[in-house]
Amino acid sequence: DEANCQTFYPTNITMQRPGLNQGVWRSLEDQVRTVWAMTCDTLYVVTGAMPSEEWRTDRAKNKVNVPSAYYKAILRYKASDKNQYSGIAFWYDHLDYPESRQILESDVLTIAQLEERTGFNFFFNLTEEEAEYAEKTISPAMKF
């Protein structure tokens, strides 16, 4: 209950096209929860959306921005690994993908590439040495 209260804010909810939400995005979220989170000591996940010029009106008559893209930056910590921190990132244009669409290599970025694309510094608490590997290398432990 406490984790839900810390996560489910209205600012954490955006309009997502069904072909993205019920297909590849769901597959990615399942992979994060049921596979990657179980294979490390800690998994940090940053999820976000990029704004667009498109706006819709919701049921309460509020103007709501329709994102142009969605992303995840994932940082894995495992104390027993040589490089304790490793990472992977994903980018999806906000499209209606076929429901059968799976995660593809072309969806994958390094965290550094995602930071460049978004302008955000996701894991700024890492040391320079930790960030050099974790943000510029795609984690071999995070296969899909």
Side-chain angles (χ1 to χ4, degrees), residues 1-78 81 83-128 130-144:
D1 284 343
E2 183 179 344
N4 282 342
C5 289
Q6 294 171 349
T7 303
F8 297 114
Y9 290 96
T11 54
N12 194 25
I13 302 168
T14 63
M15 191 224 111
Q16 207 176 66
R17 298 190 198 301
L20 175 62
N21 187 41
Q22 296 166 10
V24 68
W25 192 258
R26 182 182 67 206
S27 295
L28 178 57
E29 289 186 330
D30 288 347
Q31 181 76 15
V32 168
R33 270 192 309 273
T34 63
V35 179
W36 295 332
M38 302 301 158
T39 63
C40 60
D41 299 324
T42 305
L43 194 68
Y44 302 94
V45 181
V46 178
T47 302
M50 299 301 290
S52 74
E53 299 298 318
E54 184 180 353
W55 293 83
R56 299 269 174 92
T57 303
D58 68 10
R59 291 182 197 142
K61 307 280 190 252
N62 298 307
K63 283 184 75 175
V64 179
N65 187 258
V66 178
S68 62
Y70 288 86
Y71 61 83
K72 281 193 186 293
I74 304 167
L75 182 67
R76 178 180 184 270
Y77 174 76
K78 187 162 186 174
D81 285 356
N83 294 302
Q84 294 177 327
Y85 289 96
S86 59
I88 193 168
F90 295 86
W91 179 275
Y92 292 98
D93 290 326
H94 192 192
L95 304 172
D96 240 338
Y97 296 92
E99 238 182 89
S100 60
R101 167 77 151 63
Q102 295 299 306
I103 303 167
L104 303 174
E105 287 289 333
S106 59
D107 303 332
V108 176
L109 304 166
T110 64
I111 292 171
Q113 289 169 319
L114 183 60
E115 288 176 336
E116 188 174 308
R117 200 177 271 196
T118 63
F120 301 132
N121 182 0
F122 295 108
F123 303 109
F124 56 87
N125 287 333
L126 294 175
T127 66
E128 194 67 38
E130 291 166 340
E132 182 65 30
Y133 180 80
E135 294 185 355
K136 295 182 179 174
T137 306
I138 294 170
S139 174
M142 300 177 89
K143 300 199 184 335
F144 46 88

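By convention here, the first residue in the shown sequence is residue 1. Any value given below was found using the heavy atoms of this structure, including those in side chains, with hydrogens, waters and symmetry copies removed.
No side-chain heavy atom of Leu28 sits under 4.5 Å from any side-chain heavy atom of Val24. You'll find the side chain of Trp36 stays beyond 4.5 Å of the side chain of Val45, heavy atoms only. At least one side-chain heavy atom of Arg33 sits less than 4.5 Å from a side-chain heavy atom of Asp30. Annotation: side chain of Phe90 is not in contact with side chain of Leu109 (no heavy-atom distance under 4.5 Å). Using a 4.5 Å cut-off on side-chain heavy atoms (C-beta onward), Trp25 and Arg17 make no contact. Considering only heavy atoms from C-beta on, Tyr85 stays 4.5 Å or farther from Thr127 through its side chain. At a threshold of 4.5 Å between non-hydrogen side-chain atoms, the residues Phe124 and Glu115 do not count as touching.
The neighbour count for Glu116 CD, taken as heavy atoms of other residues, nucleotides or ligands under 6.0 Å away, does not exceed 12.
Contact record, Ala134 with Ile111: O-CD1, 3.8 Å, taken as the closest heavy-atom pair. Taking every heavy atom of both residues into account, Val46 and Phe122 meet most closely at CG1-CD2, 3.6 Å. Taking every heavy atom of both residues into account, Glu135 and Thr110 meet most closely at O-CB, 3.4 Å. In this structure, Ser27 and Gln102 approach most closely via the heavy-atom pair OG-OE1, 4.0 Å. Summarising the geometry of Glu54 relative to Asn65, their closest heavy-atom pair is O-ND2, 3.3 Å, with the distance given to 0.1 Å. Of all heavy-atom pairs spanning Pro51 and Ser68, the tightest one is O-OG, 3.2 Å.
Salt-bridge annotation for Asp58 and Lys61: absent, with no side-chain N of the basic residue lying under 4.0 Å from a carboxylate O of the acidic one.
Note that the CG atom of Asn125 and the CG atom of Leu75 stand 10.5 Å from one another [nearest 0.5 Å]. Annotation: the span from Phe123 atom CZ to Ile74 atom CD1 amounts to 8.5 Å, rounded to 0.5 Å. Residue Ser86 holds its OG atom at 5.0 Å from CZ of Arg76, rounded to the nearest 0.5 Å. With rounding to the nearest 0.5 Å, the separation of CG in Asn121 from CG in Leu126 is 8.5 Å. Remark: Tyr77 OH to Cys40 SG distance equals 11.0 Å, nearest 0.5 Å. Taking CG of Asp41 as the start and CD of Gln84 as the end, the distance is 8.5 Å to the nearest 0.5 Å.
For the salt bridge (charged side-chain N to carboxylate O under 4.0 Å, His left out) condition, the pairs that include at least one residue of residues 95-104, sequence neighbours left out, are Arg101-Asp107.
Counting only distance, with no hydrogens or angles, the side chain of Ser139 and the backbone of Ile88 share no donor-acceptor pair below 3.5 Å.
Aromatic ring orientation, Tyr71 versus Phe120: tilted (interplanar angle from 30° to 60°).
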For this session: Would you please test Thr34 and Gln31 for side-chain contact (heavy atoms from CB on, under 4.5 Å) and show each step?
Result: CA-CA 6 Å; Thr34 63; Gln31 181 76 15; 5.9 Å; no
